[in-house]
Peer 1: 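Please find one structure pasted underneath; my questions will follow.
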Protein chains: 2
Amino acid sequence: MAQKALLRRISFYADLDDVDQQVIMQIDGREQHYEKNTELVDAGQEMDSVLIVKQGWAIRYKTLEDGRRQVLNVLLPGDMFDLQVLVAAEADHSVKTVTSLTGLSVRPSEFRRLLTESGKLTLAFWWMQVQEEAFLREQIVRNGTQSARERIGHFLLELYRRVLITGAGTDDGFRVPLTQTVIADALGLTPIHTNRVLRQLERDGLLERDNGWILFKDETRLAEMSQFDPSYFHLDAFRMRLGRE
Amino acid sequence: MAQKALLRRISFYADLDDVDQQVIMQIDGREQHYEKNTELVDAGQEMDSVLIVKQGWAIRYKTLEDGRRQVLNVLLPGDMFDLQVLVAAEADHSVKTVTSLTGLSVRPSEFRRLLTESGKLTLAFWWMQVQEEAFLREQIVRNGTQSARERIGHFLLELYRRVLITGAGTDDGFRVPLTQTVIADALGLTPIHTNRVLRQLERDGLLERDNGWILFKDETRLAEMSQFDPSYFHLDAFRMRLGRE
DNA sequence: CGGCGAGTTGAAGAGCTTCAAGCCTGGTGG
DNA sequence: CCACCAGGCTTGAAGCTCTTCAACTCGCCG
């Protein structure tokens with residue numbers, strides 16, 4: 001049930017009562033399955049539905065004519081895209097899976113019905129949008145002001161928090177199904193330099209990598225080094241259900 | 001009337017009938033005037049109203065503890081901030097005027113009334129949000145993949161288009177009341193390098209600067225050089241009222 | 001077994017920063 | 001009315017971060 005992933009996610013943004021939860025669990029849509037590295041949305045394309053991610057990771061990205069690629073954001077279980085469809089805009093960027101992915105495809109009419117059904121839900125979706133925009137802003141700050149070392153630390157910590165919210169990850173680390181090339185494209189670096197910095201972070205005892213997992217050996221020091229301040233998550237407004245800080 | 005600037009802006013997003021226009025012109029709020037370089041919103045602050053810019057420029061930005069600053073976006077006449085207030089989030093970034101500025105301060109309750117008054121208006125505001133997010137994404141792409149030369153060209157062309165929409169600017173240029181330091185902070189560069197590149201663009205016959213104005217001497221070549229593709233403005237959806245392309 | 005994608009490492013070089021200093025303009029006070 | 005100051009702009013020189021080019025390894029799948 002993709003609805004469950006969405007419910008879990010939304011519960012961070014609003015105190016839903018039984019009725020609201022019912023509404024979400026009964027969202028009408030088509031369950032879809034995609035292979036690893038499947039193009040879900042291509043820039044310039046007209047979109048015809050909203051997709052709610054149930055399981056798996058995807059990336060939003062944009063490519064320039066000469067092939068340079070910028071990863072804008074990572075989509076995790078519980079994330080939705082693209083609400084733009086509600087105003088019938090065409091995609092100005094692409095979306096592609098990085099793992100196999102299952103999701104729920106919801107038609108705009110159904111989605112609009114949802115929004116009118118419950119004021120609380122409308123608010124909750126607003127919150128998700130506000131947070132999504134905050135992630136974009138943070139991405140700008142990170143890539144614009146920070147060194148490669150800081151960017152990588154900051155990026156991993158942000159992802160880690162987000163993964164914890166989805167219910168995955170452990171006390172001291174999480175599985176990162178991103179290649180170093182994807183990380184590099186997210187941070188505006190070359191894969192080569194990304195690799196060097198990652199290895200350096202290991203040598204400095206800040207983290208360990210093991211078979212696709214990132215394990216933080218000293219999260220505090222990493223957060224300080226990269227000036228990671230998660231207030232842009234806006235979780236404080238919800239009494240920090242994450243149980244951190 | 002700040003309402004007029006807003007009306008002009010919104011008219012790019014929706015075909016408003018007389019009634020809709022009435023609704024906008026009668027928005028209830030306090031007209032405010034601010035001096036150059038006035039802090040309007042401070043990161044971490046609770047916001048209590050939406051501000052519609054009537055006249056003047058402002059910047060959204062974020063500063064790190066060590067003083068590094070990243071400019072996220074430029075606010076022009078007709079722009080609004082911060083709709084976040086509708087869900088009572090606290091500011092995760094700051095806003096500050098770069099010229100003297102007049103605006104209309106609207107209380108959230110009044111704004112919500114607006115949204116319920118007309119479905120067309122609701123859609124129009126959604127469009128503004130969609131576009132705003134597209135600007136953020138483009139900022140990420142620009143700063144993440146492009147060279148200083150490309151970034152500066154791209155940034156100026158984007159601003160130029162936006163200024164044209166507000167009704168200012170001429171055939172071949174516009175007034176840019178931003179210091180080179182602000183431009184540098186927007187593009188993740190040092191003011192020194194920004195200056196060198198601007199001069200180089202002049203020497204290459206791509207633009208001229210004159211007393212705060214930017215004049216494009218060869219807009220086509222500049223757009224090619226910086227791979228400027230304005231489809232992210234989503235203006236095509238409105239039959240390109242801008243009259244370009 | 002062969003090939004491909006991902007990761008790793010070295011060496012050379014480019015782009016941008018840092019430090020330093022000088023200029024120009026507009027505003028302020030003696 | 002002129003002297004002075006501050007903020008913004010400009011230029012040079014040295015140096016560092018990150019890129020580019022190149023080559024090699026490892027694990028996985030056909």
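Just so it is clear: chains get the letters A, B, ... in the order the sequence lines come, proteins before strands, and each one is counted from 1.
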Peer 1: Starting at CZ of A:R151 and ending at P of D:dC18, how long is that distance when rounded to a whole Å?
Peer 2: 7 Å
Peer 1: Using every non-hydrogen atom in the two residues, find where B:Q180 and B:T194 come nearest and quote the distance to one decimal.
Peer 2: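 In this case the closest contact between B:Q180 and B:T194 is O-CG2, 4.0 Å.
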Peer 1: Take A:K217 and A:D172 through the salt bridge (Lys or Arg N to Asp or Glu O under 4.0 Å) test and state the conclusion after the steps.
Peer 2: CA-CA 7 Å; A:K217 305 313 281 180; A:D172 67 340; 5.2 Å; no
Peer 1: Does the side chain of A:R209 get closer than 4.0 angstrom to OP1 or OP2 of C:dT8 through an N or O atom?
Peer 2: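 Yes, because at least one side-chain N or O of A:R209 sits under 4.0 Å from OP1 or OP2 of C:dT8.
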Peer 1: Starting from P on C:dA21, measure out to CG on B:N195 and report it in whole angstrom.
Peer 2: 19 Å
Peer 1: Let me know the distance between CG of A:L189 and C1' of D:dT20, rounded to the nearest Å.
Peer 2: 14 Å
Peer 1: Between A:E224 and A:R221, is the salt bridge (Lys or Arg N to Asp or Glu O under 4.0 Å) condition met? List the steps.
Peer 2: CA-CA 5 Å; A:E224 267 169 27; A:R221 199 149 62 87; over 6 Å; no
Peer 1: Should B:R196 be listed as having a side-chain N or O under 4.0 Å from OP1 or OP2 of C:dC16?
Peer 2: no
Peer 1: Specify the separation, in whole Å, of atom CG of A:N211 and atom P of D:dC26.
Peer 2: 16 Å
Peer 1: Mind calculating the distance between CG (B:L198) and C1' (C:dC16) to the nearest angstrom?
Peer 2: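 So the CG-C1' distance, B:L198 to C:dC16, works out to 15 Å.
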Peer 1: Starting at atom CG of A:L187, determine the distance to atom P of D:dT19, rounded to an integer number of angstrom.
Peer 2: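 In whole Å, D:dT19 P and A:L187 CG are 11 Å from each other.
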Peer 1: Roughly how many Å is it from CD in A:Q200 to P in D:dC18, rounded to a whole number?
Peer 2: 12 Å
Peer 1: Check every strand shown and say whether A:G212 touches a base, only sugar-phosphate, or nothing at a heavy-atom separation below 4.0 Å.
Peer 2: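 No contact at all - A:G212 keeps every heavy atom at 4.0 Å or more from the nucleic acid.
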Peer 1: Please report the interatomic distance CD(B:Q139) to OH(B:Y232), rounded to the nearest 0.5 Å.
Peer 2: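 Rounded to the nearest 0.5 Å, the CD-OH separation comes to 9.5 Å.
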Peer 1: Using atom names, set out every protein N or O paired with an N or O of nucleotides 5-8 of chain D below 3.5 Å, distance rounded to 0.1 Å.
Peer 2:
none

Peer 1: Scan B:I192 against the nucleic acid and name what it touches under 4.0 Å (heavy atoms): base, sugar-phosphate only, or nothing.
Peer 2: base
Peer 1: What is the distance from CD1 of B:I152 to C1' of C:dG15, rounded to the nearest Å?
Peer 2: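 After rounding, the reported distance stands at 13 Å.
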Peer 1: Within a strict 4.5 Å, meaning less than it, do heavy atoms of the B:R9 and B:Q131 side chains meet?
Peer 2: yes
Peer 1: Quick check for you: to the nearest 0.5 Å, what is the distance between A:D229 atom CG and B:L64 atom CG?
Peer 2: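 With rounding to 0.5 Å, CG (A:D229) is 9.5 Å from CG (B:L64).
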Peer 1: Tell me if a side-chain donor or acceptor on A:Q70 pairs with a main-chain N or O of A:A186 at a distance below 3.5 Å.
Peer 2: yes
